[in-house]
Amino acid sequence: MAAREKAVMVAVATEALPLSQVHLDLDELAALLDTAGADVVGRLVQKRGAPDPATYLGRGKVEELRALVQDTGAGLVAFDGELTPAQVHHLEEQLPEGVKVLDRAAVILDIFALRARSREAKLQVELAQLEYLLPRLTRRWQHLSRQAGGIGTRGVGETQLEIDRRVIRQRVAVLKRALGGVEKERWVQRRRRQRVPSVALVGYTNAGKSALFSRLSHVETLVEDRLFATLDPLVRRARLGQGLIATVADTVGFIRKLPHQLVASFRATLLEAVSADLLVHLVDVSSPRWREQLRVGEEVLESLGVDPAGCLLVLNKVDRLGGEPRPNVPGRTVLYTSCTTGEGVEELRGVLAEMLIARGAVSVVRLSVAAGEQLQQALACPDVVGQSFSAAGVELYLRRRSRGQ
Ligand SMILES: Nc1nc2c(ncn2[C@@H]2O[C@H](COP(=O)(O)OP(=O)(O)OP(=O)(O)O)[C@@H](O)[C@H]2O)c(=O)[nH]1
Ligand SMILES: [Mg+2]
């Protein structure tokens, strides 16, 4: 395994972004850096009206950063905002030789690159990285050629720039085509699965989606106290309340300020996930920022054309609340779960089944108990995905016939 890098984190506090908020943001950046393989050895925050257009920090602060980098031996400086290519360039010039300057988006892209396992996830991440690089490459080169100045250098720089851009654009086109093929394959698979009711788990990274997925489907998946443990959506069958069988999908987590290139290239994956009959929006209620994480999740859902109000809201990790009262979300029905103790999971199975039935995700057939032998035959039918018995008779839940099949 590669040696861990040392990182210094930097942020600017403004009137709109108070110091207390900045430190919570930096805690999250620290978790991201930890996941990416770096140990945080220092943090530096400057209060100013707005980031400096040339160097993000003011001149004196850049000096302080340089000293901090030297004292700690850090090889990388991570800014919690978005850096322009020019800012990266100026900062790199003013910091000790070889020190990397990254912004939050670059750190997230790096983690996605580390985590990608399937062919599809790898293609999606590479596409996002190239799209992130393309404008930076352009402006950086323009900047360099302007600095070198004048006749002779300009032509060379531009030629190299054109070549680089063309190579990247060609690769982007290849990736988009390859991803198109993967999407088609998935579409075919989805059509095959479609007749079983489907549930997808969505929510902020680290909310506990994979933990809940394992609980529901009784399989071990990668559950980790790491950000973005899951990149590829996993789909498994699970038994819900009333014996109803459904597919459950575990998905990639959301995060504040997710680089838009990533959202764009993971769009197909996310769209597939959110086309489920029912979405469970899972939130880590033990996080001091859970309300913000809930909001970020709802924003991402809206950007995918989903009405967040139609999702089942589940507040997870209630075991961590201790004696604190369980919070409400105004205007919403919420369920409380703990994937550690299992609390609330059975109730969730029941609610999921009720909601799927209410939404028409299965066809319902009612038989009187007297049906006897017929009932035996009916239960053996492969289209039956669940049943519920009562004094009045039995309800059978059948796979819904999808259009065109
Ligand atoms: N105390 C407690 N910890 C939990 C609970 N559910 C999950 N965790 C822990 O929270 C961490 C994150 O869980 P995951 O299931 O990997 O979270 P995720 O939402 O899949 O995260 P990404 O894949 O990164 O989006 C792990 O360390 C879990 O063990 C819970 O109910 N209580
Ligand atoms: Mg996960």
Side-chain angles (χ1 to χ4, degrees), residues 27-37 104 107-118 120-121 124-125 199-236 238 248-259 262-263 266 269-270 273-274 279-290 292-294 296-301 304 311-324 326-327 334-349:
D27 290 344
E28 187 173 79
L29 183 64
L32 287 168
L33 285 164
D34 176 48
T35 303
R104 189 183 161 89
V107 175
I108 295 176
L109 279 168
D110 191 67
I111 295 173
F112 272 71
L114 272 173
R115 296 263 160 182
R117 288 284 170 275
S118 73
E120 181 176 17
Q124 285 168 320
V125 173
V199 175
L201 309 176
V202 297
Y204 209 76
T205 179
N206 217 41
K209 298 179 294 298
S210 297
L212 181 60
F213 178 75
S214 299
R215 282 256 173 205
L216 288 174
S217 65
H218 299 291
V219 285
E220 287 305 310
T221 46
L222 184 66
V223 178
E224 272 195 79
D225 199 7
R226 283 267 188 264
L227 302 177
F228 301 114
T230 310
L231 288 194
D232 293 302
L234 292 167
V235 180
R236 295 251 197 294
V248 178
D250 183 17
T251 61
V252 56
F254 305 151
I255 195 165
R256 256 172 350 103
K257 301 189 235 163
L258 192 64
L262 270 178
V263 178
F266 275 81
T269 308
L270 286 169
V274 300
L279 296 185
V280 173
H281 187 175
L282 198 64
V283 178
D284 170 4
V285 74
S286 73
S287 160
R289 313 183 82 178
W290 71 269
E292 188 191 342
Q293 294 174 352
L294 167 63
V296 169
E298 299 200 327
E299 281 167 11
V300 177
L301 289 169
L304 294 166
C311 303
L312 175 61
L313 194 54
V314 176
L315 303 186
N316 187 37
K317 307 200 190 179
V318 288
D319 57 289
R320 284 207 187 147
L321 289 180
E324 283 173 54
R326 297 187 169 178
V334 294
L335 286 187
Y336 303 95
T337 55
S338 165
C339 294
T340 307
T341 65
E343 183 187 341
V345 176
E346 283 314 306
E347 189 190 348
L348 175 62
R349 282 185 211 276

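Whatever order the structure lists ligands and atoms in, that order sets their numbers, starting from 1. Just so it is clear, the values below take in all heavy atoms, side chains as well, and ignore hydrogens, waters and symmetry mates.
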Does L321 offer a backbone N or O that forms a donor-acceptor pair with the side chain of S286 under 3.5 Å?
no

Can an N or O of A211 be found at a distance shorter than 3.5 Å from an N or O of ligand 1?
yes

Short N/O distance, under 3.5 Å, between K209 and ligand 1?
yes

For G253, atoms of ligand 1 separated by under 4.0 Å from a heavy atom:
25 (O)

After noting the C-alpha distance and the side-chain angles of S217 and R236, does the key distance pass the side-chain hydrogen bond (donor to acceptor under 3.5 Å, both in side chains) rule?
CA-CA 6 Å; S217 65; R236 295 251 197 294; 5.0 Å; no

Side chain of N316, backbone of A207: donor and acceptor closer than 3.5 Å?
yes

Which of the numbered atoms in ligand 1 are below 4.0 angstrom from a heavy atom of T340?
1 (N), 2 (C), 3 (N), 4 (C), 5 (C), 30 (C), 31 (O), 32 (N)

Between D319, I111, V252, L315, which one has a non-hydrogen atom sitting closest to atom 32 (N) of ligand 1?
D319

Per-atom contacts of ligand 1 with S210, taking only distances under 4.0 Å to non-hydrogen atoms:
15 (O), 18 (P), 20 (O)

Ligand 1 atoms nearer than 4.0 angstrom to some heavy atom of R320 are 1 (N)

Please could you name the atoms of ligand 1 that N316 approaches to less than 4.0 Å, counting only its heavy atoms?
5 (C), 6 (N), 31 (O)

Sole candidate of L348, V280, L315, V318 that passes side-chain contact (heavy atoms from CB on, under 4.5 Å) when paired with L335
L348

The Mg ion (ligand 2) contact by T205, N, O or S atom under 2.8 Å
no

Give a yes or no on whether the backbone of P327 and the side-chain of Y336 come within a donor-acceptor separation of less than 3.5 Å.
yes

What atoms in ligand 1 come closer than 4.0 Å to a heavy atom of S338?
31 (O)

Which one of G344, C339, G208 has a non-hydrogen atom at the shortest distance from atom 13 (O) of ligand 1?
G208

I'd like to know if the side chain of K209 and the backbone of G203 have a donor-acceptor N/O pair within less than 3.5 Å.
yes

side-chain contact (heavy atoms from CB on, under 4.5 Å) with N206: which of K317, Q293, E28?
K317

Please find the pair of heavy atoms, one from S338 and one from V345, that lie closest to each other, and give the distance.
O-CG2, 4.1 Å

